[in-house]
K.L.:
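Sharing a structure below in structure tokens format, with a few things to ask.
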Amino acid sequence: MSDANVRIPAEARDRLSEIAAAEGLSLRAYLARLADTLLTPAERAERAEQARAVLNAWNGYAPTPAEQDDLDAELDRRLTQATGR
């Protein structure tokens with residue numbers, strides 16, 4: 001495996017290093033683990049579609065695009081409320 005250099009602000013590097021150290025990892029190991037656990041937008045969309053298909057087969061769940069937009073907005077609202085952002 002080859003290494004790559006990534007330029008980020010020192011404050012971000014220091015924060016990530018602190019988080020990694022608290023988990024007993026080097027920054028390199030922490031970032032590798034993070035990359036393995038996060039989903040790309042395409043992967044998230046694929047999983048969402050799979051979940052919709054399973055729900056549809058199980059109980060007929062088939063929201064319209066407008067209903068999906070409303071549900072997404074409600075989820076965003078609740079996440080904002082929960083995180084205080």
Side-chain angles (χ1 to χ4, degrees):
M1 167 176 52
S2 62
D3 288 339
N5 291 322
V6 178
R7 296 183 59 83
I8 61 172
E11 297 83 17
R13 181 208 56 220
D14 294 344
R15 179 171 170 74
L16 289 170
S17 292
E18 185 178 336
I19 294 167
E23 295 189 24
L25 298 169
S26 68
L27 179 55
R28 180 180 187 208
Y30 179 77
L31 291 175
R33 186 181 74 181
L34 187 63
D36 287 341
T37 60
L38 294 177
L39 298 175
T40 66
E43 290 167 334
R44 284 194 306 273
E46 181 181 346
R47 286 194 181 184
E49 184 53 42
Q50 290 170 348
R52 279 191 291 276
V54 168
L55 287 170
N56 185 283
W58 176 54
N59 65 6
Y61 178 77
T64 66
E67 290 170 329
Q68 285 183 13
D69 290 343
D70 290 344
L71 292 168
D72 287 344
E74 177 63 14
L75 179 59
D76 288 342
R77 184 190 69 76
R78 290 183 185 201
L79 287 171
T80 299
Q81 183 180 20
T83 61
R85 292 182 182 176

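Count residues from 1 along the sequence.
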K.L.:
Near Arg47 CZ, under 6.0 Å, is it more than 12 heavy atoms from other residues, nucleotides or ligands?
P.N.:
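Atom CZ in Arg47 is not packed in, count stays at 12 or less.
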
K.L.:
If hydrophobic clusters are built by linking Ile, Leu, Val, Met, Phe, Trp and Tyr wherever their side-chain heavy atoms come under 4.5 Å apart, do Ile8 and Leu25 end up in the same one?
P.N.:
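Hydrophobic grouping puts Ile8 with Leu25.
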
K.L.:
Is Leu39 reachable from Tyr30 through a run of I, L, V, M, F, W or Y residues, each pair having side-chain heavy atoms under 4.5 Å apart?
P.N.:
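No, because Tyr30 and Leu39 fall into different hydrophobic clusters, even though each may have its own neighbours under 4.5 Å.
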
K.L.:
How close do Ser26 and Ala20 get, counting heavy atoms only, and between which atoms?
P.N.:
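So the minimum-distance heavy-atom pair works out to O-CB, 3.7 Å.
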
K.L.:
Tell me which pairs pass salt bridge (Lys or Arg N to Asp or Glu O under 4.0 Å) where either residue lies in residues 4-19, with sequence neighbours left out.
P.N.:
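Sorted pair list comes back empty.
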
K.L.:
Using 0.5 Å steps for rounding, measure from the CG atom of Leu79 to the CZ atom of Arg77.
P.N.:
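Nearest 0.5 Å value for the CG-CZ distance: 10.0 Å.
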
K.L.:
Quick check: closest heavy atoms across Tyr61 and Leu71, and the distance to 0.1 Å?
P.N.:
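Residues Tyr61 and Leu71, closest heavy atoms: OH-CD1, 3.3 Å.
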
K.L.:
Please report the interatomic distance CD(Gln68) to CG(Asp72), rounded to the nearest 0.5 Å.
P.N.:
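Result: 7.0 Å between the selected atoms.
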
K.L.:
What heavy-atom pair brings Leu55 and Asn59 nearest, and what distance separates the two atoms?
P.N.:
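In terms of heavy atoms, the two residues are closest at O-OD1, 2.6 Å.
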
K.L.:
For residues 27-41, which residue pairs qualify under salt bridge (Lys or Arg N to Asp or Glu O under 4.0 Å), counting only residues two or more places apart or in two chains?
P.N.:
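For residues 27-41, and leaving out neighbouring residues, the salt bridge (Lys or Arg N to Asp or Glu O under 4.0 Å) pairs sorted by first residue read Asp3-Arg28, Glu23-Arg33.
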
K.L.:
Please find the pair of heavy atoms, one from Leu27 and one from Ser17, that lie closest to each other, and give the distance.
P.N.:
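Result for this residue pair: CD2-OG, 3.4 Å.
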
